[in-house]
Amino acid sequence: MSDIAMPSGGAHDHGHAHDHPKFLQHHFHSAKQQFEASKLGMWLFLVTEILLFSGLFLAYFMLQARHPEAFISAHHHLDRTMGLVNTVVLLISSFTMVMAVQSAALSRTKATLAYLYVTLGLGGTFMVIKYFEYMHKIHDGLLPGNLYSYAGASVPGEYLFFSMYFVMTGIHGIHILAGMGVIAYLIYRTHKGDYSSAYYTPVDLTGLYWHLVDLIWIYLFPLLYLVS
Amino acid sequence: MNWLRSIFMPEVQGWQYARDVDDIYMFITWVSAVLYAIITVGVCYFAWKYRRRRDNIETPDITHNTMLEIVWTVIPSIPLVVMYFWGFSTYMHARIAPADALEIKVIAKKWAWDFTYPNGMTFGQEMHVPVGRPVKLVMISQDVLHDFFLPDFRTKVDIVPNRYSTVWFQAEEPGEHVVFCAEYCGLQHSDMLAKVVVDTEEQYQQWLEQKAEEAMNMPLPELGKLLYASKGCNTCHSTDGSRIQGPSFQGIWGKTHNFTDGTSAVVNEDYVRESLLTPAAKVVQGYDPVMPSFQGLLREREIQALAEYIKSLQ
Amino acid sequence: MAEVLTHTTQATASHPEELNYLNENRGLKSWLFTVDHKRIGVMYFWTIMLMFFIGGVLALVLRTELLTPKQTIVDAATYNQLFTLHGAIMTFMVLVPLIPATLGNFAMPIMLGAKDVAFPRLNLASYYVYVCGAIMAVSAILGGGLDTGWTFYTPYSSTTGGGVSVMTMAAFVLGFSSILTGVNFIATIHKLRAPGMTWYNMPLFIWGMYATSVIQVLATPVIGITMVLLLMERLFQIGIFDANLGGDPVLFQHFFWFYSHPVVYIMILPGMAIISEVIPTFSQKPIFGYKPIAWSSVGIAVVGFLVWGHHMFVSGQSEFAAAVFSFITFLVAIPSGVKIWNWMATMYRGSISLKAPMLYAISFLLLFGIGGLTGLFLGTLAVDVHLHDTYFVVAHFHYVMMGGTLIAFFAGVHYWWPKMFGRMYNETWAAIACLLVFLGFNGTFLPQFILGSRGMPRRYYNYLDQFQFLHVSSTIGSYVLGVGLIMMAVVLIAPLMRKRYDAPSNPWGGASLEWTVSSPAPTHNFHHDPVVTHGPYDYKAARAAEKAGSHA
């Protein structure tokens with residue numbers, strides 16, 4: 001099982017050769033190796049996110065199977081228009097995020113900033129619309145579990161639907177907020193001029209994350225709003 | 001090899017299913033013993049025979065042998081297949097109760113058992129069954145998960161709230177057998193024991209009649225004393241003044257109890273009745289609200305009997 | 001012409017003051033803010049050993065209580081907390097991170113020929129996340145206690161008081177630490193191998209770490225969401241696991257065991273990975289069946305996701321589900337058996353040195369053998385109905401988790417101790433400690449198989465008189481085990497009091513890359529970029545290379 005291989009690093013000492021770019025960490029041989037490793041790491045993290053939400057979807061399906069009428073009746077309280085607007089908002093934000101990544105890859109700092117700002121704004125729009133939706137539910141007493149106090153006509157068990165609604169959209173919302181925080185940080189770093197075609201990994205990875213969060217919403221929307 | 005089986009397993013009271021389970025158990029034990037002997041002898045022998053001598057570290061370059069891999073994968077798999085099918089088919093036998101089984105309903109709760117017989121009467125802690133007839137238990141929990149474990153019959157099933165679970169067994173000889181709760185259910189999980197008493201058919205009928213009569217005719221304080229044990233009150237309430245989970249019954253009749261909500265009341269028939277049916281309404285100060293309700297589980301006469309019994313404890 | 005590898009320090013006097021990862025940067029801050037995988041591994045090591053000590057003390061108190069059927073030294077409420085905390089600490093805070101975060105972190109990058117893991121800062125973050133989780137768990141214990149058992153079954157766990165809510169959050173946080181480690185290791189193994197190190201040229205320890213990391217990434221999110229749902233159930237009664245609210249308590253069991261079965265493979269695969277290093281090195285003979293062992297790790301990881309229902313045979317699940325889960329459970333037994341035969345074949349005609357790492361490896365074979373075989377009883381349907389939730393199960397999982405993972409960990413600790421701390425421990429006392437651990441362990445848990453098959457349920461404070469003899473035997477065994485473990489700790493820690501780093505770089509004649517650098521390891525692992533010129537079990541070539549190197 002022996003192998004003769006070409007040494008790649010030559011005979012220089014550990015890590016501190018003269019021409020290392022600032023962003024290249026000392027344990028990587030090349031920018032390409034670092035980029036590929038980072039990307040792999042991000043994909044693995046996204047897999048964990050998919051599994052996390054899969055658990056929630058499974059719980060939702062189990063409850064729906066046990067209480068079908070309650071779920072159908074309950075979902076009428078959701079505002080389909082607001083849900084649809086939010087879906088479109090997130091889809092556009094995914095597009096602007098892609099454009100931000102491409103701009104960074106082409107070293108177009110101004111364009112990168114513009115697209116990042118728009119993405120951030122669209123994420124904020126999503127959260128604002130969500131806020132109004134939540135306020136409406138709270139006002140009507142359509143709340144999870146032991147907080148449910150809706151006074152109107154309802155099928156027994158509707159609070160189960162709202163339990164899942166709030167847990168799922170709530171966790172999704174936390175992910176949007178976290179993404180917005182990271183995008184804000186990217187904006188700060190872009191202002192400083194840290195990203196270019198040589199190194200735009202953080203923008204790329206954030207883009208991947210943002211697409212996943214969008215994708216999860218694409219599943220959540222029909223599941224919660226369009227049940228019938 | 002019966003002596004070996006008797007070390008590992010409780011004695012079988014005649015039911016063929018239990019013997020079958022023991023047979024599978026012993027089969028797995030023997031297969032494991034053979035495999036383990038190979039491992040132990042092999043490892044110890046190799047460690048001794050090939051121990052390093054005088055810094056001689058030259059070894060042959062043996063890295064793999066595909067045929068050997070196949071052999072030692074396939075051959076141990078054969079007893080595994082046997083175990084699987086034998087276990088599955090025996091298990092199916094225990095899952096399907098005969099159609100003519102005697103049905104006893106079981107309610108499990110923290111931390112006692114209620115058994116309801118076909119004649120509609122409910123008694124606790126001791127389940128009487130006739131010999132030679134299949135008995136099917138239909139079980140539900142009043143609160144958290146419990147489990148009915150009857151080791152002598154190799155029988156066990158979880159008891160779940162809001163859904164019935166069933167299990168069946170058949171005793172072939174008279175005797176007494178312990179029942180454990182085998183799913184952790186809180187503080188007195190390990191005290192939640194019951195007993196299965198196997199009677200002859202006549203004894204079983206006699207016992208049912210006798211219990212029914214007792215419930216009808218026995219003087220109230222005596223009936224109350226019986227119920228105090230059979231309903232499991234003794235798990236949490238002593239009669240000698242010592243504190244368990246709930247207040248002792250000794251000398252409380254006519255006294256005033258202070259409750260956690262600030263109110264107080266005198267211990268009389270009304271108070272005993274309310275404590276049995278809606279125990280959470282008034283909780284004595286210094287105690288936790290863990291008493292289960294006996295709503296629907298006690299006849300009027302039984303409630304009276306318990307009150308009379310408590311009155312008699314001075 | 002092959003690149004010259006690092007100069008060795010075989011002659012102990014050659015470079016006594018050489019800088020290494022321990023002494024190159026000094027001061028508390030250099031440790032707390034380090035991104036060096038070796039230092040992070042060492043910090044994990046001491047922290048996890050502290051948790052292990054706490055969990056062990058709880059066990060000894062618990063066993064002492066079980067000397068008599070009724071109360072011995074604590075009351076029922078305390079006892080129920082003791083077994084819950086012992087289980088929660090040992091599974092979540094010790095066994096899950098144990099080998100990957102300590103030995104994996106320390107040795108794996110060096111074995112790969114890398115300078116560090118792929119994401120060093122993430123590595124440090126995972127350590128602090130672990131510490132947060134451990135602090136939260138301790139506050140759950142102090143703040144309200146919990147007695148649900150480490151399995152948190154609903155509806156008891158969703159309705160009882162105490163520190164359950166905080167503990168579920170602690171478990172969530174600890175899960176994050178596990179995920180970060182898994183992500184890091186997968187990226188490292190894919191991207192940071194030295195030139196010449198193909199997948200089939202990697203030490204088997206790396207294959208084991210890889211399979212483990214895949215499970216960590218895929219399974220841990222499920223326990224995360226389970227803990228979130230349990231928390232919501234407790235706080236808001238959302239109605240998912242509580243039958244009275246419209247939910248299903250058995251659904252909790254499915255969610256819980258979907259993670260918690262793979263988690264036991266997270267625990268055992270790294271242990272097996274260590275054995276695959278120790279046995280060939282101490283037999284000075286290549287590992288027998290490299291590919292079967294490598295792929296059996298992957299096989300166990302994959303099939304391990306499909307057997308969770310075997311924890312639930314009596315929960316009320318359908319007969320069809322039971323049949324399927326039992327069948328797949330038997331399937332997963334086969335790769336483990338394959339490994340044992342391959343390890344034994346490695347010893348055949350080897351040149352066996354019975355130093356402490358090898359003694360622990362042999363103990364592993366004998367103890368994991370029992371653990372694995374007793375799994376057959378539990379995978380068989382009719383037999384499991386009798387044995388479920390009895391002491392038989394307790395004995396089985398202690399044999400695989402402690403007799404397996406922990407013993408393998410001890411083998412690895414003795415094996416890499418010189419590389420970690422640069423000093424050799426005393427072999428005679430180490431062997432005595434190993435013997436005490438082996439005897440004490442068997443004394444503790446062998447009687448428990450019989451307790452279980454005779455009907456003694458688990459998590460029982462009181463028990464029937466007929467079980468007392470076996471309980472007393474078990475408790476005496478646990479005291480011997482405790483003494484053995486303390487002795488082992490003293491044997492390992494005593495040499496750390498010496499100032500000089502006098503361990504040779506390759507005390508055992510190993511052939512993987514970590515044995516080509518000095519002991520303790522240099523800060524940046526390699527003075528020159530390593531090139532792989534022979535396989536990790538080619539001891540002849542390794543000896544030749546070492547001889548050539550010492551002439552330079």
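Proteins come first, then strands; the chains are lettered A, B, ... in the order of their sequence lines, and each starts at number 1.
Contacts of C:L464 with chain B are made by side-chain atoms alone, with heavy-atom separations under 4.5 Å and no backbone atom involved. Looking at B:V178, only its side chain comes within 4.5 Å of chain C, counting heavy atoms on both sides. With a 4.5 angstrom heavy-atom cutoff, C:P286 touches chain B via backbone and side-chain atoms both. Both the backbone and the side chain of C:I450 have a heavy atom closer than 4.5 Å to some heavy atom of chain B. With a 4.5 Å cut-off on non-hydrogen atoms, C:L376 touches chain B through its backbone and its side chain both. In this structure, no portion of C:F252 lies under 4.5 Å from any heavy atom of chain B. Both the backbone and the side chain of B:F8 come within contact range of chain C, each with at least one heavy atom under 4.5 Å from a heavy atom of that chain. Within the 4.5 angstrom heavy-atom criterion, atoms from both the backbone and the side chain of C:L387 approach chain B. For C:P292, the part lying under 4.5 angstrom from a heavy atom of chain B is the side chain only.
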Using only distance (under 3.5 Å, no hydrogens or angles), which donor-acceptor pairs connect chain C and chain B?
| from | atom 1 | to | atom 2 | distance (Å) |
| --- | --- | --- | --- | --- |
| B:S6 | O | C:R454 | NH1 | 2.6 |
| B:I7 | O | C:R454 | NH1 | 3.0 |
| B:F8 | O | C:S453 | OG | 2.4 |
| B:F8 | O | C:R454 | N | 3.4 |
| B:M9 | O | C:R454 | NH1 | 3.2 |
| B:Y36 | OH | C:L366 | O | 2.6 |
| B:Y50 | O | C:I352 | N | 2.8 |
| B:R52 | N | C:I352 | O | 2.8 |
| B:R52 | NE | C:S351 | O | 3.2 |
| B:R52 | NE | C:S351 | OG | 3.0 |
| B:R52 | NH2 | C:S351 | O | 2.9 |
| B:N56 | O | C:S351 | OG | 2.8 |
| B:T59 | O | C:K540 | NZ | 3.1 |
| B:T59 | OG1 | C:Q284 | O | 2.6 |
| B:T63 | O | C:G289 | N | 2.7 |
| B:E69 | OE1 | C:N342 | ND2 | 3.2 |
| B:E69 | OE2 | C:N342 | ND2 | 3.4 |
| B:W72 | O | C:W341 | NE1 | 3.3 |
| B:Y84 | OH | C:A323 | O | 3.0 |
| B:G87 | O | C:A382 | N | 3.4 |
| B:R95 | NE | C:E319 | OE2 | 2.7 |
| B:R95 | NH2 | C:E319 | OE2 | 3.1 |
| B:K156 | NZ | C:V385 | O | 2.8 |
| B:K156 | NZ | C:H386 | O | 2.7 |
| B:K156 | NZ | C:H388 | O | 2.7 |
| B:D158 | N | C:V314 | O | 2.9 |
| B:N162 | ND2 | C:A243 | O | 3.0 |
| B:R163 | NH2 | C:D248 | OD1 | 3.4 |
| B:C181 | N | C:Y460 | OH | 3.2 |
| B:C181 | O | C:Y460 | OH | 2.7 |
| B:Y184 | OH | C:N80 | ND2 | 3.1 |
| B:Y184 | OH | C:D147 | O | 3.1 |
| B:Y184 | OH | C:D147 | OD2 | 2.8 |
| B:L187 | O | C:N80 | ND2 | 3.4 |
| B:S190 | OG | C:Y461 | N | 3.3 |
| B:S190 | OG | C:N462 | N | 3.0 |
| B:D191 | OD1 | C:N462 | ND2 | 2.7 |

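Note on B:G42, B:A94, B:G186, B:P76: by heavy-atom pairs under 4.5 Å with chain C, the leading option is B:G186. The greatest number of non-hydrogen atom pairs below 4.5 Å with chain C, out of B:A18, B:C185, B:P10, is found for B:P10. The greatest number of non-hydrogen atom pairs below 4.5 Å with chain C, out of B:V160, B:I7, B:L35, is found for B:I7. Taking C:G316, C:G369, C:A323 one by one and counting their heavy-atom pairs under 4.5 Å with chain B, the maximum is reached by C:A323. When each of B:I39, B:V31, B:I38 is checked for heavy-atom pairs under 4.5 Å with chain C, B:I39 comes out on top. The candidate with the highest count of non-hydrogen atom pairs below 4.5 Å against chain B, out of C:I334, C:L354, C:L451, is C:I334. Comparing C:G289, C:G509, C:G149, C:A345 by heavy-atom pairs within less than 4.5 Å of chain B, the highest count is held by C:G289. Ranked by heavy-atom pairs shorter than 4.5 Å toward chain B, the options C:P155, C:P335, C:A77, C:G337 are led by C:P155. Ranked by heavy-atom pairs under 4.5 Å with chain C, the list B:V157, B:L68, B:I57 is led by B:I57.
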